[in-house]
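Notes follow once the structure below has been shown.
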There are 2 protein chains.
Amino acid sequence: MTGPGTVRPGGRTARTREAVREATLAELAEHGYQGLTVDNVAARSGVHKTTVYRRWGSAEGLVADALELAAAEPWPVPDTGSAEGDLRALARLVQSGFADAEQGPVAAAFVAAAVQNPGAAKALHTFFARRHEDAAAVVDRAVERGELPAGTDSAEVVRAAVAPLYYRLFITGERIDEAVADRAGSAAFAAARAGAFTR
Amino acid sequence: MTGPGTVRPGGRTARTREAVREATLAELAEHGYQGLTVDNVAARSGVHKTTVYRRWGSAEGLVADALELAAAEPWPVPDTGSAEGDLRALARLVQSGFADAEQGPVAAAFVAAAVQNPGAAKALHTFFARRHEDAAAVVDRAVERGELPAGTDSAEVVRAAVAPLYYRLFITGERIDEAVADRAGSAAFAAARAGAFTR
DNA sequence: CGGGCTTTGCAACAAAAGTTGCGTTAAGGT
DNA sequence: ACCTTAACGCAACTTTTGTTGCAAAGCCCG
């Protein structure tokens with residue numbers, strides 16, 4: 001839960017963990033998951049190669065740990081006043097995140113890691129489960145306001161709003177911009193309003 | 001275009017290419033992209049390691065070649081008579097493909113490869129571009145029948161129908177079944193009918 | 001059916017990735 | 001302040017991955 005090296009969480013141990021985590025994120029941003037090697041992370045962090053292998057095991061462990069860290073960070077759930085506005089904002093949040101020069105490459109690297117190694121996959125899945133829980137508020141509010149039909153499955157609406165973005169990014173390789181995000185958000189709203197996501 | 005070893009397409013060259021392609025698919029099915037090594041493919045195909053390195057370069061080249069081969073295969077575009085039926089069928093096609101014990105792992109491996117190496121990514125993107133072109137017929141027919149508004153962007157509808165499936169499979173790690181596919185297809189239809197995808 | 005040229009196999013090599021044993025360092029409790 | 005022991009650094013080693021030079025094999029053209 002709390003990551004590698006928990007028996008003795010004090011000074012030195014904590015410092016090396018921090019150094020390695022930081023180095024991992026930097027390497028991911030620069031070279032992606034494919035280019036993430038234990039040797040490079042060790043060199044960059046100033047921690048010895050052997051230590052990294054012993055505490056994290058491999059690149060997989062490094063990514064999972066970094067991802068767990070990222071999952072802890074809070075994020076702003078949109079509240080624009082209207083359901084369609086919120087869903088659009090949600091989609092834009094995803095779009096701008098990947099467009100960002102800093103977060104974008106790291107986020108993409110996380111997905112790349114998750115697609116092919118179980119440890120990172122599990123970490124990413126819990127990350128998204130949390131995000132969906134948070135985002136569900138958007139839909140619940142809309143139902144209360146009467147904008148969306150009662151019994152609407154909130155997670156399903158959220159998925160519909162963001163899925164096309166991930167689909168383009170990682171499957172078809174098409175670029176995404178604000179217009180794409182807006183369309184995805186509006187389409188999710190339209191489908192929900194039509195009752196496509198009621199249980 | 002036609003793959004490695006095109007200068008002398010005759011007997012032996014063709015045989016080794018076929019053997020390697022087959023071995024690549026088998027390895028992908030068994031161990032996924034992560035477990036795909038040139039050594040294993042060489043051993044399985046009976047072709048020498050050096051030859052594989054020379055003609056395909058790396059695991060990336062192997063996947064790209066196999067993917068190009070898979071892209072050539074035709075697939076049945078649904079024609080159920082109704083737009084919603086077609087979109088549901090489209091989503092089910094994706095769902096059943098990944099559920100299949102043979103195709104599923106290979107398809108997942110293709111995505112895993114594409115997410116992190118440019119060669120496989122390019123091959124996958126052209127693969128999907130072709131599929132989208134074919135699937136556009138579904139929407140075009142619906143517009144002609146008056147089921148969907150004129151000016152509906154066909155590719156956008158198709159994306160909406162299948163994106164949630166890929167999103168669950170590769171991002172959130174949620175299982176997909178027939179019900180999920182049906183909901184995705186119906187939601188895409190509802191959004192399109194509401195005019196969310198008109199230009 | 002023979003000679004030139006491509007492709008393959010082979011072995012030896014080079015580089016990168018991962019492991020192990022052991023001595024040293026420094027937390028954390030007393 | 002001191003002692004126990006987890007965690008680290010270091011060097012040597014093994015395994016895996018990728019490369020190179022050269023000779024043998026076989027396709028394709030005349």
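Here is how names work: the chains are called A, B, and so on, in the same order as the sequence lines, proteins then strands, and each is numbered from 1.
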Across the strands shown, which category fits A:Thr16 at heavy-atom distances under 4.0 angstrom: base, sugar-phosphate, nothing?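 It contacts sugar-phosphate atoms only.
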Using the rule that two of Ile, Leu, Val, Met, Phe, Trp, Tyr join whenever any of their side-chain heavy atoms come within less than 4.5 Å, decide whether B:Val77 and B:Val158 are in one cluster.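 Yes: a chain of side-chain contacts under 4.5 Å links B:Val77 to B:Val158.
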Rounded distance (Å) that lies between atom [atom2] of [N] and atom [atom1] of [X]:
X	N	atom1	atom2	value
A:Tyr53	C:dG21	OH	P	17 Å
A:Trp56	C:dA17	CH2	P	19 Å
A:Gln34	C:dA17	CD	P	12 Å
B:Arg15	D:dC27	CZ	C1'	10 Å
A:Arg55	C:dG18	CZ	C1'	18 Å
A:Asn40	C:dG18	CG	P	11 Å
A:Glu18	D:dC8	CD	C1'	18 Å
A:Glu27	C:dA17	CD	P	12 Å

Taking the six-membered ring for Trp and the single ring otherwise, decide whether the centroids of A:Phe98 and A:Phe170 are under 6.0 Å apart.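 Yes, close enough.
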Exercise answer: donor-acceptor pairs, residues 86-94 of chain B side-chain atoms, under 3.5 Å, sequence neighbours excluded:
from: B:Asp86; atom 1: OD1; to: B:Thr80; atom 2: N; distance (Å): 2.5
from: B:Asp86; atom 1: OD1; to: B:Thr80; atom 2: OG1; distance (Å): 2.7
from: B:Asp86; atom 1: OD2; to: B:Arg141; atom 2: NH2; distance (Å): 3.2
from: B:Arg88; atom 1: NE; to: B:Ser186; atom 2: OG; distance (Å): 2.8
from: B:Arg88; atom 1: NH2; to: B:Ser186; atom 2: OG; distance (Å): 3.0
from: B:Arg92; atom 1: NE; to: B:Asp182; atom 2: OD1; distance (Å): 3.0
from: B:Arg92; atom 1: NH2; to: B:Asp182; atom 2: OD2; distance (Å): 2.9

Specify the residues of residues 109-121 of chain B, ordered by number, for which at least one heavy atom lies under 4.0 angstrom from an atom of DNA chain C.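 Those residues whose heavy atoms fall under 4.0 Å from DNA chain C, taken from residues 109-121 of chain B, amount to none.
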May I have all residue pairs that pass side chain to side chain donor-acceptor pair (under 3.5 Å) and include part of [range], sequence neighbours excluded?
range	result
residues 96-123 of chain B	B:Tyr33-B:Asn117
residues 166-180 of chain A	A:Tyr167-B:His132, A:Arg168-B:Glu156, A:Thr172-A:Glu174, A:Glu174-B:Arg159
residues 105-115 of chain A	none

All side-chain hydrogen bond (donor to acceptor under 3.5 Å, both in side chains) counterparts of [X], not counting sequence neighbours:
X	result
B:Thr126	none
A:Ser82	none
A:Arg145	A:Glu147

Using Watson-Crick and G-U wobble pairs with both distances under 3.5 Å, what is the 5'-to-3' dot-bracket string of DNA chain C, with [ ] for crossing pairs and | for pairs outside the strand? ||||||||||||||||||||||||||||||
Does B:Arg130 have any salt bridge (charged side-chain N to carboxylate O under 4.0 Å, His left out) partners at least two apart in sequence or in another chain, and if so, which?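 None.
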Test of understanding: with salt bridge (charged side-chain N to carboxylate O under 4.0 Å, His left out), list the residues that count as partners of B:Glu18, not counting sequence neighbours.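 Once residues adjacent in sequence are excluded, B:Glu18 has no partner under the salt bridge (charged side-chain N to carboxylate O under 4.0 Å, His left out) criterion.
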Members of residues 42-52 of chain B that approach DNA chain D, where some heavy atom sits under 4.0 Å away: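 Hits under 4.0 Å, by residue number: B:Lys49, B:Thr50.
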Heavy-atom nearest nucleotide on DNA chain D for B:Ser58 versus A:Arg54: which residue maps closer to 5'?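 Closer to the 5' end of DNA chain D: A:Arg54.
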